[in-house]
Visitor: 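Structure below; questions to follow.
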Amino acid sequence: MSRQVQVLAPGLLTTVQDLGRDGWRHLGVARAGALDPDAARLGNRLVGNDAGAAVLELTLHGPTLCFDAPVRIALIGRSVAARFDGVALPMGRPIELPAGTLSLGAVRYGARAWLAIGGGIAVPQVLGSRSTDLRGGFGGHEGRALRAGDTFALGAAASPAIDAPRIPAWWADPGFDENRDAPVRYLPSADPAASALARQSWQVSAASNRQGLRLRGVALKGERRGGLSEPVAPGTLQLPPDGQPIVLLADAQTVGGYPRLGHVIAADLPRLAQLPPHASLRFQACSVEEAQACAIETRVRLQRLYLALERPLARFLAASAGVA
Amino acid sequence: MNRRAPDVLALADDAWLLRYGDGDSEIDDALNARVHADAARLRAAAPAWLRDLVPAYASLAVFFDTAAIDAVPARDWLLACLDADEATDARVATAREIEIPVVYGGEHGPDLDSAAAELGLTPQTLAERHAAGRYTVAMIGFAPGFPYLSGLDPALALPRLATPRTQVAAGSVAIGGAQTGIYPRASPGGWRILGRTPLTLFDPQRDPPTALLPGDRVRFVAIDAAQFARLSQLAPA
């Protein structure tokens, strides 16, 4: 019998995501996937999953879930209030729980967190991925966000034999020294409005979603090009006729006709996922070389973190009196 | 045909955008044919780091795996691959001819009458001239499986609705500006709906998931409401 999870309360927008869907963009299929793929990877590492296992992405407020068997979980991303049968649970580490109810509350100091569960969320793969395509209505759990009453299965994994939460004293925080107020770096396009993006502060509109972050500020005047649609990607900065830029995120459509101001570099994309409605942000232009240096720095940081994690994680997982 | 090398622009840390022509806003069928030919050539070479190739009207995005290759060598490889002297146009070998059955007008084509009046045609003539066209899938986008078809008779170009409909039925065949297209699933939309096909244009459980591929040649074949009903029952839900 596979282990089941019942959704008692869905949270604000909880979706099944993995590292996204590749190879179908020419047919209009978005990449989707966790808005912070490195967070999903780390969560999976902490619970002993493959990097590409499906996790839950939480938006602003998390779900309440009931497990019918013991599970190993990890919460990554911005701080989320978590309780298991009255016990407060911390972020950034593997936690073993007996069967019971996990209540996730508000996400603090940001907008999103990810819940990895040992064995992964066992929804079927669609076009090579378990990610939810919200606009296309497929993938994930029935192509939509979780609702109260939903039930989904977990993949096979060692089930810890415990009757109370088991929590290690150490934790992993990949963003411990991150400057959350630092400007978001972007590679400007040749559009005359591209450099103007960095000259003011922008506010995140409440109409933002996984497809795009809509910004509000003093309207930019772009090149009013006729608009033959061209491919776009997560990170693309678009300038619609109202002069209020949109930064495309993981659920970005595959082509778009608005003038392009450039793109947010990959290293800074996960930070965009943490901006709640009405948050303000600034942009800073950078070069291809800087973008590449940032990508390498991110890779090195994560490698260092994974190296440091190796021993305590192995010790924790080994001590788990798990039964397959 | 203009053989000038495309401009190469950074689209994302993991993608280059090849832009053909001079950025004109007019749809140029010859440029689009070149985009599909180049896409086919790159797809045939398919190095392991190549993730996605997205053709559009006059541009082509190439997504690569940054864990496997850096941006600059990826760009150099692309340009070398496209520069290689290829005697055959790869598109000729890959272009398919697809027939799309359409019931024009009535409940399935709510804009046929008003569109015909706007163009000074009878609804019957508009339907016939739309079905007589020879189209090419210039690109797929907007929604999974939505084909933008080039080749529309310029005399049939129609402005989009001032206020888009909140719900367009799946399979609706429509004109938007100088293009025609088909809504793969029920969605909001502002194009003028002439008719509807019973075919399922996008099904994520199929491989490939779309009935049409970029570069395909398309013909519309008029059917009646009874045939539509029959074919709809055959199509997967």
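So that the names make sense, note that chain A is the first sequence line, chain B the second, and so on, each numbered from 1.
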Visitor: So does A/R147 have more than 12 non-hydrogen atoms from other groups sitting under 6.0 Å from CZ?
Guide: no
Visitor: May I have the step-by-step check of side-chain contact (heavy atoms from CB on, under 4.5 Å) for B/L152 and B/I175, ending in yes or no?
Guide: CA-CA 9 Å; B/L152 181 72; B/I175 289 177; 3.8 Å; yes
Visitor: Does any backbone or side-chain atom of B/L11 lie under 4.5 Å from a heavy atom of chain A? Answer side chain, backbone, both or neither.
Guide: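 Contact with chain A is through both the backbone and side chain of B/L11.
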Visitor: Just do the salt bridge (Lys or Arg N to Asp or Glu O under 4.0 Å) check on A/R185 and A/E290 with the steps written out, would you?
Guide: CA-CA 9 Å; A/R185 291 160 293 190; A/E290 283 172 280; over 6 Å; no
Visitor: Based on non-hydrogen pairs under 4.5 Å, which of A/G136, A/A233, A/G235, A/P124 is most in contact with chain B?
Guide: A/G136
Visitor: Is it the case that A/R25 places NZ or CZ above or below the six-membered ring of B/F63, under 6.0 angstrom from the centre and within 45 degrees of the axis?
Guide: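 Relative to the ring axis of B/F63, which defines the angle, A/R25 lies inside both limits.
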Visitor: Do you know which of A/D18, A/D22, A/D133 makes salt bridge (charged side-chain N to carboxylate O under 4.0 Å, His left out) with A/R31?
Guide: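 Among the candidates, only A/D22 passes.
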Visitor: Heavy-atom pairs under 4.5 Å with chain B are the metric here; pick the option from A/A266, A/A267, A/S189 that has the most.
Guide: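 Heavy-atom pairs under 4.5 Å are most numerous for A/A266.
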Visitor: Where on A/S229 is there a heavy atom nearer than 4.5 Å to chain B: the side chain, the backbone, both, or neither?
Guide: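 Both the backbone and the side chain of A/S229 come within 4.5 Å of chain B.
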Visitor: Tell me, side chain or backbone of B/L212 under 4.5 Å from chain A's heavy atoms, or both, or neither?
Guide: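 Looking at B/L212, just its backbone touches chain A.
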Visitor: Side chains of A/P231 and B/S59, heavy atoms from C-beta outward: is any pair under 4.5 Å?
Guide: yes
Visitor: Can you tell if the side chain of B/L60 reaches within under 4.5 Å of the side chain of B/L42, non-hydrogen atoms only?
Guide: yes
Visitor: Would a distance-only check, ignoring hydrogens and angles, find a side-chain to backbone donor-acceptor pair under 3.5 Å from A/D268 to A/R271?
Guide: no
Visitor: Looking at B/D52, B/V72, B/I140, which one has more heavy-atom pairs under 4.5 Å with chain A than the rest?
Guide: B/D52
Visitor: Check the orientation of B/Y135 and B/H130. Use parallel for under 30°, tilted for 30 to 60°, and perpendicular for over 60°.
Guide: tilted
Visitor: Taking side chain as everything from C-beta outward and backbone as N, CA, C, O, which of these in B/A12 sits under 4.5 Å from a heavy atom of chain A? Side chain, backbone, both or neither.
Guide: both
Visitor: Contact part of B/P184 toward chain A, heavy-atom cut-off under 4.5 Å: side chain, backbone, both or neither?
Guide: neither
Visitor: Which atoms of B/D65 are under 4.5 Å from chain A, going by heavy atoms: the side chain, the backbone, both sets, or neither?
Guide: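 Neither the backbone nor the side chain of B/D65 comes within 4.5 Å of chain A.
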Visitor: Measuring heavy-atom distances to chain A, does B/R185 have an atom under 4.5 Å in its side chain, in its backbone, in both, or in neither?
Guide: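 The side chain, not the backbone.
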Visitor: Identify which of A/I265, A/V232, A/L269, A/V29 forms the greatest number of heavy-atom pairs closer than 4.5 Å to chain B.
Guide: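 Highest number of pairs under 4.5 Å: A/I265.
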Visitor: Chain B heavy atoms under 4.5 Å from A/V288: which part of the residue, side chain, backbone, both or neither?
Guide: neither
Visitor: Given a strict heavy-atom distance threshold of 4.5 Å, which part of A/L187 is in contact with chain B: side chain, backbone, both, or neither?
Guide: side chain
Visitor: Is A/D50 atom CG crowded by more than 12 heavy atoms from other residues, nucleotides or ligands, each under 6.0 Å away?
Guide: no
Visitor: Looking at B/A10, B/A143, B/G145, B/A15, which one has more heavy-atom pairs under 4.5 Å with chain A than the rest?
Guide: B/A10
Visitor: Let's test your reading of the structure: which of B/V54, B/D70, B/L53 forms the most heavy-atom pairs below 4.5 Å with chain A?
Guide: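 Result: the option with the highest number of such pairs is B/V54.
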Visitor: Are any of the side-chain nitrogens in A/R144 or A/D150 under 4.0 Å away from the carboxylate oxygens of its partner?
Guide: yes
Visitor: Where along residues 153-171 of chain B does a heavy atom come under 4.5 Å of chain A, listed by residue number?
Guide: none
Visitor: Counting heavy atoms not belonging to A/R304, are there more than 12 under 6.0 Å from its CZ?
Guide: no
Visitor: For the residue pair A/H26 and A/W24, categorise the inter-ring angle as parallel (less than 30°), tilted (30 to 60°) or perpendicular (more than 60°).
Guide: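 Answer is parallel, since the angle falls under 30°.
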Visitor: Heavy-atom cut-off 4.5 Å, strictly under: side chain, backbone, both or neither for B/A71 against chain A?
Guide: both
Visitor: Take the angle between the ring planes of A/F138 and B/F202 and call it parallel below 30°, perpendicular above 60°, tilted in between.
Guide: tilted
